[in-house]
Number of protein chains: 2
Amino acid sequence: MGAEAMDDTLTRKGRATRARIVEGAAHVLREQGVGFTTLDDIRGRTGTSKSQLFHYFPDGKEELLLAVAQFEADRILEDQQPHLGQLDSWESWQRWRDVVVERYELQGDHCPSGALFLHVGQARPGARAIVTELLRQWQGQLARGMRALQANGLVAAELDVERAAAALLAGLQGGVAILMSTGDSTHLKAAIDTGIEHLRRARPTTAA
Amino acid sequence: MGAEAMDDTLTRKGRATRARIVEGAAHVLREQGVGFTTLDDIRGRTGTSKSQLFHYFPDGKEELLLAVAQFEADRILEDQQPHLGQLDSWESWQRWRDVVVERYELQGDHCPSGALFLHVGQARPGARAIVTELLRQWQGQLARGMRALQANGLVAAELDVERAAAALLAGLQGGVAILMSTGDSTHLKAAIDTGIEHLRRARPTTAA
DNA sequence: TGCTTTCTGGACTTGCTGGTCCATTTTCCA
DNA sequence: TGGAAAATGGACCAGCAAGTCCAGAAAGCA
């Protein structure tokens with residue numbers, strides 16, 4: 001997209017303003033939802049003028065939304081670190097679980113990042129790519145953690161790691177979706193806990 | 001809502017038109033998504049005039065969307081019958097699984113009903129109520145099926161049925177969400193299959 | 001049949017929102 | 001320092017979509 005090409009000609013001040021716009025827009029979007037947010041809302045929040053918005057995002061709202069989607073996608077994985085990258089013991093899985101639950105409970109119905117990409121992701125091809133890549137990385141990290149458990153002899157080698165990771169990721173996503181629409185985190189907890197339990201039951205047959 | 005109060009004064013023709021509007025609107029919304037659908041789109045699709053729309057839905061778009069949400073919510077559970085109501089053997093669970101997967105694979109990225117309520121459900125209180133009730137009933141049926149397995153001695157009585165049902169529902173929802181945004185049903189299948197597997201592993205300790 | 005109520009068509013209004021434009025200020029850098 | 005390029009402010013425009021209104025057709029009903 002044109003964003004990178006623009007970074008070349010961006011001054012220090014320009015980069016700061018652009019970042020301010022993206023962050024501010026992300027905030028407004030999380031609060032109000034994509035469908036109810038106007039450029040003027042973003043303008044007000046970020047203390048910028050119309051011309052600035054179009055200066056940094058020549059293709060207008062579409063491009064800005066895409067930049068926010070990417071920003072949020074990155075943030076989602078970062079927020080789970082370092083736990084998500086170190087899933088090599090039962091304790092670390094538990095810590096990761098707690099971080100995820102706490103994070104999404106805090107955001108509550110304030111349409112978290114998950115909502116953002118779900119909304120955008122339906123039609124626009126660019127947004128779909130961002131979502132797909134996010135899910136790929138997310139699932140990859142979960143699978144990596146499961147293989148670490150296998151390597152440590154905590155989980156049977158027979159476990160279909162990719163499938164288990166896909167199921168866990170789906171449960172997590174669904175739990176978040178339900179949390180967003182009902183305000184209740186029961187499903188999120190149940191999904192993750194059951195997913196981890198699934199691993200726990202897949203103890204190696206040799207060990208006992 | 002005003003809808004029921006209106007049914008009193010509706011003639012046969014009136015009821016038919018109202019139903020046509022709701023069904024047509026549901027169709028358009030599934031195709032285009034909430035954010036991209038205008039009243040004129042619905043008007044065109046249903047062969048109605050502006051005044052008809054506001055005659056049957058005095059509160060305008062909001063009320064119409066709510067009616068569609070309720071319509072879709074009912075349809076979701078109906079489409080899973082009779083399987084969802086008869087989950088008393090492993091075979092029936094498998095049949096239900098196949099129906100769900102097939103149904104959502106068919107709808108593909110054509111924003112299925114799930115998307116609809118997710119979109120609407122973020123802010124509007126009425127929509128939130130519809131979603132909550134749908135999930136409650138859905139989970140109730142799953143839990144009922146699990147209890148049937150317990151009654152038939154196929155699953156240990158110790159299984160926390162409500163928690164397992166919540167986890168399965170979350171996985172299903174997340175799987176559908178991922179299917180919608182990526183076009184891939186792998187996660188949906190993995191989630192449901194893993195959920196059922198979870199039950200299979202909870203065999204009664206007495207039987208063996 | 002004749003009167004009332006409901007139903008329908010479609011022109012019209014109104015407000016909002018994304019997007020354009022240009023003048024002005026600030027920053028860069030040679 | 002001075003000119004070019006970037007950054008900023010904000011007035012302005014155009015289109016669109018929700019919602020209004022009223023006149024006329026079709027049903028219901030006694």
Side-chain angles (χ1 to χ4, degrees), chain A residues 2-25 28-29 31-69 119-120 123-124 126-127, chain B residues 2-25 28-29 31-68 119-120 123-124 126:
Chain A
E4 296 85 23
M6 173 162 280
D7 280 348
D8 300 347
T9 58
L10 244 46
T11 67
R12 179 192 311 270
K13 194 180 182 184
R15 274 188 298 274
T17 302
R18 189 180 189 280
R20 198 175 79 240
I21 292 175
V22 172
E23 285 174 45
V28 178
L29 285 168
E31 270 181 352
Q32 310 187 347
V34 187
F36 302 88
T37 301
T38 72
L39 289 186
D40 266 339
D41 293 334
I42 296 173
R43 226 177 42 65
R45 170 87 195 189
T46 59
T48 51
S49 67
K50 223 39 171 316
S51 70
Q52 281 172 291
L53 258 39
F54 283 86
H55 179 66
Y56 295 104
F57 305 94
D59 285 346
K61 198 179 190 182
E62 174 104 17
E63 189 182 348
L64 174 54
L65 285 182
L66 225 54
V68 173
H119 281 248
V120 187
R124 313 297 174 175
Chain B
E4 296 86 23
M6 173 162 280
D7 280 348
D8 300 347
T9 57
L10 243 48
T11 66
R12 179 191 312 268
K13 193 180 182 184
R15 274 189 299 273
T17 303
R18 189 181 188 281
R20 198 175 77 238
I21 292 175
V22 172
E23 283 175 46
V28 178
L29 285 168
E31 270 181 353
Q32 310 187 348
V34 186
F36 303 86
T37 301
T38 72
L39 288 185
D40 266 340
D41 293 334
I42 296 173
R43 226 177 43 64
R45 171 86 196 188
T46 59
T48 51
S49 67
K50 226 33 173 319
S51 69
Q52 282 172 289
L53 258 39
F54 283 86
H55 179 66
Y56 294 104
F57 306 94
D59 285 345
K61 198 178 190 181
E62 174 102 17
E63 190 182 348
L64 173 54
L65 286 181
L66 225 53
V68 173
H119 280 247
V120 187
R124 313 298 175 174

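Keep in mind that this is a model prediction, so the values were computed, not measured. A, B, ... follow the sequence lines: proteins, then strands. Residue 1 opens every chain.
- For the pair Arg15(A) CZ and dA6(D) P, the computed distance is 13 Å after rounding to whole Å.
- Comparing Asp40(B) and Arg12(B), the nucleotide of DNA chain D nearest to each residue sits closer to the 5' end for Asp40(B).
- Each of Gly14(B) and Leu39(A) lies near DNA chain C, and the nucleotide nearest Gly14(B) is the one positioned closer to the 5' end.
- Taking the nucleotide of DNA chain C with the nearest heavy atom to each of Asp59(A) and Thr17(B), the more 5' of the two is matched to Thr17(B).
- Bounding nucleotides for the chain A contact on DNA chain C, 5' to 3', at a heavy-atom distance below 4.0 Å, are dT17(C) to dC28(C).
- Residues in residues 42-61 of chain A take part in these salt bridge (charged side-chain N to carboxylate O under 4.0 Å, His left out) pairs, two or more places apart or across chains: Asp40(A)-Arg43(A).
- Between the C1' atom of dT20(D) and the CZ atom of Phe57(B) lies a distance of 18 Å, rounded to the nearest Å.
- Within the model, atoms CG of Leu65(A) and CD1 of Ile42(A) stand 6.5 Å from one another, a figure rounded to the nearest 0.5 Å.
- Across the protein-nucleic acid pair, His55(B) atom NE2 and dA26(D) atom C1' stand 12 Å apart, rounded to whole Å.
- The minimum heavy-atom distance linking Val22(A) with Val68(A) is given by the pair O-CG2, 3.9 Å.
- Between the OH atom in Tyr56(B) and the CD1 atom in Ile21(B) there is a gap of 6.5 Å [rounded to 0.5 Å].
- The two residues Glu63(B) and Phe57(B) make their nearest non-hydrogen contact at OE1-C, 3.4 Å.
- Distance check, rounded to the nearest 0.5 Å: CD of Gln32(A) to CG of Asp41(A) gives 4.5 Å.
- One finds no side-chain N or O of Lys13(A) lying less than 4.0 angstrom from the OP1 or OP2 phosphate oxygen of dA7(D).
- Taking 4.0 angstrom as the limit, Tyr56(A) places none of its side-chain polar atoms (N or O) nearer than this to OP1 or OP2 of dA6(D).
- The heavy-atom pair separating Ala127(A) from Leu66(A) by the smallest distance is N-CD1, 3.5 Å.
- What separates CG of Leu10(B) from P of dA26(D) is a distance of 19 Å, to the nearest Å.
- Distance CZ (Phe54(A)) to C1' (dG10(D)): 14 Å, rounded to an integer number of Å.
- Across the protein-nucleic acid pair, Ile42(B) atom CD1 and dG19(D) atom P stand 11 Å apart, rounded to whole Å.
- Rounded to the nearest 0.5 angstrom, Leu53(B) CG and Thr48(B) OG1 are separated by 5.0 Å.
- Here the side chains of Thr46(B) and Val28(B) are not in contact, with every heavy-atom distance at 4.5 Å or above.
- Listed by residue number, the members of residues 43-53 of chain A with any heavy atom below 4.0 angstrom from DNA chain C are Lys50(A), Ser51(A).
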